[in-house]
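Please read the structure below before turning to the comments.
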Amino acid sequence: MPNEYGNYVDGEWSESRTAETFAVRNPANADEVVARFPDSTTADTEAAIEAAVAAQDEWASTPGPERGAVLKAAGAELEARKDDATETLVREEGKTRSEAAGEVQRAIDIFAYYAQKARDLGGVVKSPSGRNKELSTKREPLGTVGIITPWNYPIAIPAWKLAPALAAGNTVVAKPASAAPNSTRILFECLDAAGLPDGVANAVTGSGSEVGAPLTEHEAIDGVSFTGSTAVGTTVAQTASESLKRVQCEMGGKNPTVVMPSADVDEAVEILGAGAFGTTGQSCTAASRAIVHEQVYDEFVEAMVEYAESVEIGPGLDDPDMGPHVSESELDSTLEYVDIAESEGATLETGGQRLTEGEYEDGYYVQPAVFSGVDNDMRIAQEEVFGPVLAVIRADGFDHALELANDTEYGLSASIVTQDLTEAETFLDRVEAGVAKVNEKTTGLELHVPFGGYKQSSTNTYREQGDAGLDFFTSTKTVYRNY
Ligand code: NAD
């Protein structure tokens, strides 16, 4: 019997009002149900919102260092449970053990970081335009916020929203993605064990319509922080804006890495391989377009194919190079894009087939795919695939490469591989992306600097992580004193 878990509402684990549940499956072995979670209703979501609203004043007036102490203890609790959390993450999302351990460590570090930040919220003091006056600002919590998260980083993303929200004195209702709610559950168990007061953070599982949508509509919700697809994020932003909620959406990407002739081609291949096939290509920042100068194009394609064919694929618990897709629908979507690319005239150099024999039989495995001869206006170069598929596009010079890099509706992460300083600096200045890198993969983020996208990758209202991560969750009050 799989473990059955509840919603976390007002400090209690409880089933949905209908007692309905849904199954979470192991992507490496779809016959294995790893857990069941409440298939909650709008009424369950509203109860969680009420609990969060009731807890708001007390949590907001709790001194910052005390709030920080709870976050610190929750991070320590997660550290003590790191192996459990890592294995739970692998079993529901499919990523490799190393990738999962890195993600859990990220959540631990995020809690430690914002535990400290809770002491430092502060404000500014300015010179008043008159005698016997004081002029200053103070940062206050936004209030009660909704947090809606995707399945692909099911512990790190909830952590990077929850920790700054709680540090700043907000109360929270979180909605994890249904493909991977089990890692988020551990985060809430850690907060509970750390002594977080009842109602301050709540988690409700279920569909986007019954749990996600009410968070964007309810009058008591002051802000919505969403990460997920551009399609859903657009609806979230529009709905939340109707009632003038503060809203932040971080969404999809179609991230380019430019390879110039001065690059070491082997290094470029390592960078692209890690960026495109790491986490099975299921990262918003995954490299999906290699824009390669014609002088090194053929050499690059040949080496990239060799790299793709060397990727060891298997169950995440065995810690291969690449695990399965998270679900059958994600696998099918990748396979469909492989067909679309071929029908549009791109050349499939390697991979793109489902693996079905032996240990692959019951999992959602696909070989990493490399396409050459891709035009940037093909769907494979414009739409987010969210799988291990790399489109290699030919550029006839630096300006052309930059133009191709920017010729996308997305703008999340972008990198260039070059030894030419002018190319590197010009790229950093002109690329239309929220994250720009030189000689690095498009994936991989530091937690203490801002993260977010341009164009359709983000509402671009606020950034996440670092100091900027607190901005979304605070309001500024300007104070005038006359004595
Ligand atoms: P998704 O958009 O399908 O779902 C995201 C969340 O929204 C889920 O919890 C879902 O249940 C919920 N939801 C669905 N309908 C809703 C509605 N009408 N109202 C409110 N909530 C609703 O995304 P996904 O498949 O879980 O995740 C993959 C996507 O996330 C990719 O596009 C990826 O690029 C993106 N992503 C972006 C970032 C980033 O920081 N930019 C990070 C990770 C993932």
Side-chain angles (χ1 to χ4, degrees), residues 22 24 37 39-40 42 45 92-93 95 103 106 146-161 173-181 183-184 203-218 221 224-240 242 245 247-255 279-288 325-327 329-331 333-334 383-387 408-413 433-435 442-445 447 450-465 468-469 472:
F22 64 88
V24 180
F37 277 85
D39 195 4
S40 308
T42 298
T45 313
E92 69 173 352
E93 202 273 350
K95 61 183 59 174
E103 184 181 336
R106 174 55 59 101
I147 282 175
I148 303 173
T149 49
W151 49 262
N152 66 331
Y153 287 93
I155 195 156
I157 295 180
W160 85 47
K161 293 180 189 293
V173 179
K175 184 234 175 287
S178 298
S183 314
T184 317
V204 184
T205 57
S207 67
S209 55
E210 293 289 319
V211 184
L215 291 177
T216 66
E217 290 160 357
H218 200 287
I221 292 286
V224 180
S225 181
F226 167 93
T227 299
S229 63
T230 298
V232 175
T234 303
T235 305
V236 165
Q238 286 167 347
T239 309
E242 273 168 29
K245 294 185 198 324
V247 59
Q248 162 190 61
C249 296
E250 292 303 332
M251 304 175 280
K254 193 69 201 172
N255 311 294
T279 65
T280 321
Q282 300 174 132
S283 288
C284 52
T285 49
S288 52
H325 259 303
V326 69
S327 64
S329 59
E330 291 295 322
L331 171 69
S333 167
T334 292
E383 297 175 17
E384 185 181 50
V385 176
F386 227 55
T408 163
E409 64 182 21
Y410 294 108
L412 192 52
S413 183
V435 176
T442 52
T443 50
L445 303 167
L447 66 90
F451 172 52
Y454 286 7
K455 304 199 280 192
Q456 300 291 304
S457 292
S458 173
T459 44
N460 211 345
T461 40
Y462 291 85
R463 288 287 184 251
E464 301 201 272
Q465 308 202 50
F472 180 82

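Every number for a ligand or one of its atoms is a count from 1 in the order of the listing. Values below: every heavy atom of this structure, side chains too, minus hydrogens, waters and symmetry copies.
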| said: Could you measure the distance from the CD atom of E409 to the CD atom of E384? Nearest 0.5 Å is fine. | reply: 10.0 Å

| Under 4.0 Å to a heavy atom of L412 - the qualifying atoms of ligand 1, by number | 41 (N)

| task | State, with a plain yes or no, whether a side-chain heavy atom of Q465 is found less than 4.5 Å away from one of L447. | result | yes

| message | Between F226 and T459, is the side chain to side chain contact (heavy atoms under 4.5 Å, CB included) condition met? List the steps. | response | CA-CA 10 Å; F226 167 93; T459 44; over 6 Å; no

| note | ligand 1 to V236, heavy atom cutoff 4.0 Å, flagged ligand atoms 19 (N), 20 (C)

| request: Would you mind telling me if ligand 1 is within reach of the side chain of T230, the backbone, both or neither, using heavy atoms under 4.0 Å? | output: neither

| field | Nitrogen or oxygen atoms of W151 and ligand 1 under 3.5 Å apart | value | yes

| task | Examine S457 against ligand 1 and note whether any of their N/O atoms are separated by less than 3.5 Å. | result | no

| field | Expected output: side-chain T230 to main-chain Q456 donor-acceptor under 3.5 Å | value | yes

| query | For ligand 1, which atoms, with element, lie under 4.0 Å from some heavy atom of A177? | reply | 9 (O)

| Is P181 close to E92 at the side-chain level, that is, under 4.5 Å between some pair of heavy atoms? | yes

| query | In the protein, what heavy atom is nearest to atom 23 (O) of ligand 1, and what distance, to one decimal place, separates them? | reply | S229 N, 3.4 Å

| field | Nearest-contact summary for atom 42 (C) of ligand 1 - protein heavy atom, Å | value | C284 SG, 2.9 Å

| Do the side-chain N and O atoms of T285 and S283 include a donor-acceptor pair separated by under 3.5 angstrom? | no

| query | Less than 4.5 Å apart, any side-chain heavy atom of N152 and any of I157? | reply | yes

| said: Any heavy-atom pair between the side chains of F472 and V224 that's under 4.5 Å? | reply: no

| Ignoring hydrogens and geometry, is there a side-chain-to-backbone donor-acceptor pair from N460 to Y454 under 3.5 Å? | no

| Should T149 be counted as touching ligand 1, given the test is an N or O pair under 3.5 Å? | yes

| query | Relative to the heavy atoms of T227, which atoms of ligand 1 are at a distance of less than 4.0 Å? | reply | 5 (C), 36 (N), 37 (C), 38 (C), 39 (C), 40 (O), 42 (C), 43 (C), 44 (C)

| note | Here the atoms of ligand 1 under 4.0 Å from any heavy atom belonging to N152 are 43 (C), 44 (C)

| query | Just which atoms of ligand 1 are under 4.0 Å from any heavy atom in F451? | reply | 40 (O)

| note | the protein heavy atom lying closest to atom 27 (O) of ligand 1 turns out to be P150 CB, 3.2 Å

| Distance-only N or O hit between ligand 1 and I148, under 3.5 Å | no

| Heavy-atom side-chain proximity of F386 to Q282 below 4.5 angstrom | yes

| query | Backbone, side chain, both or neither: what part of V211 comes under 4.0 angstrom of ligand 1, heavy atoms only? | reply | neither

| task | Considering heavy atoms of the protein only, find what lies nearest to atom 19 (N) of ligand 1 and give residue, atom and distance to 0.1 Å. | result | A213 N, 3.5 Å

| field | Exercise: identify the closest heavy-atom pair between S458 and R463 | value | OG-NH1, 4.0 Å

| field | Geometric N/O contact K175 with ligand 1, under 3.5 angstrom | value | yes

| request: Using distance alone, decide if ligand 1 has a nitrogen or oxygen within less than 3.5 Å of any nitrogen or oxygen in E384. | output: yes

| Does the protein put a heavy atom under 4.0 Å from atom 4 (O) of ligand 1? | no

| said: For atom 28 (C) of ligand 1, what is the closest protein heavy atom, and at what distance to 0.1 Å? | reply: F386 CE2, 3.7 Å

| task | May I ask you to test the W160-Y153 pair for a side-chain heavy-atom distance under 4.5 Å? | result | no

| remark: Among non-hydrogen protein atoms, atom 21 (N) of ligand 1 lies closest to G212 CA, 3.6 Å

| request: Please report which non-hydrogen protein atom sits nearest to atom 18 (N) of ligand 1, along with the residue it belongs to and the distance in Å to one decimal place. | output: G208 O, 4.2 Å

| task | Ignoring hydrogens and angles, tell me if any N or O in the side chain of E464 forms a donor-acceptor pair with the backbone of K161 under 3.5 Å. | result | no

| Side chains of T408 and K254: donor-acceptor distance under 3.5 Å anywhere? | no

| task | Identify, for atom 41 (N) of ligand 1, the protein heavy atom at the shortest distance, and state residue, atom and that distance. | result | M251 O, 2.8 Å

| task | Give a yes/no verdict on whether any heavy atom in I157 is under 4.0 Å from an atom of ligand 1. | result | yes

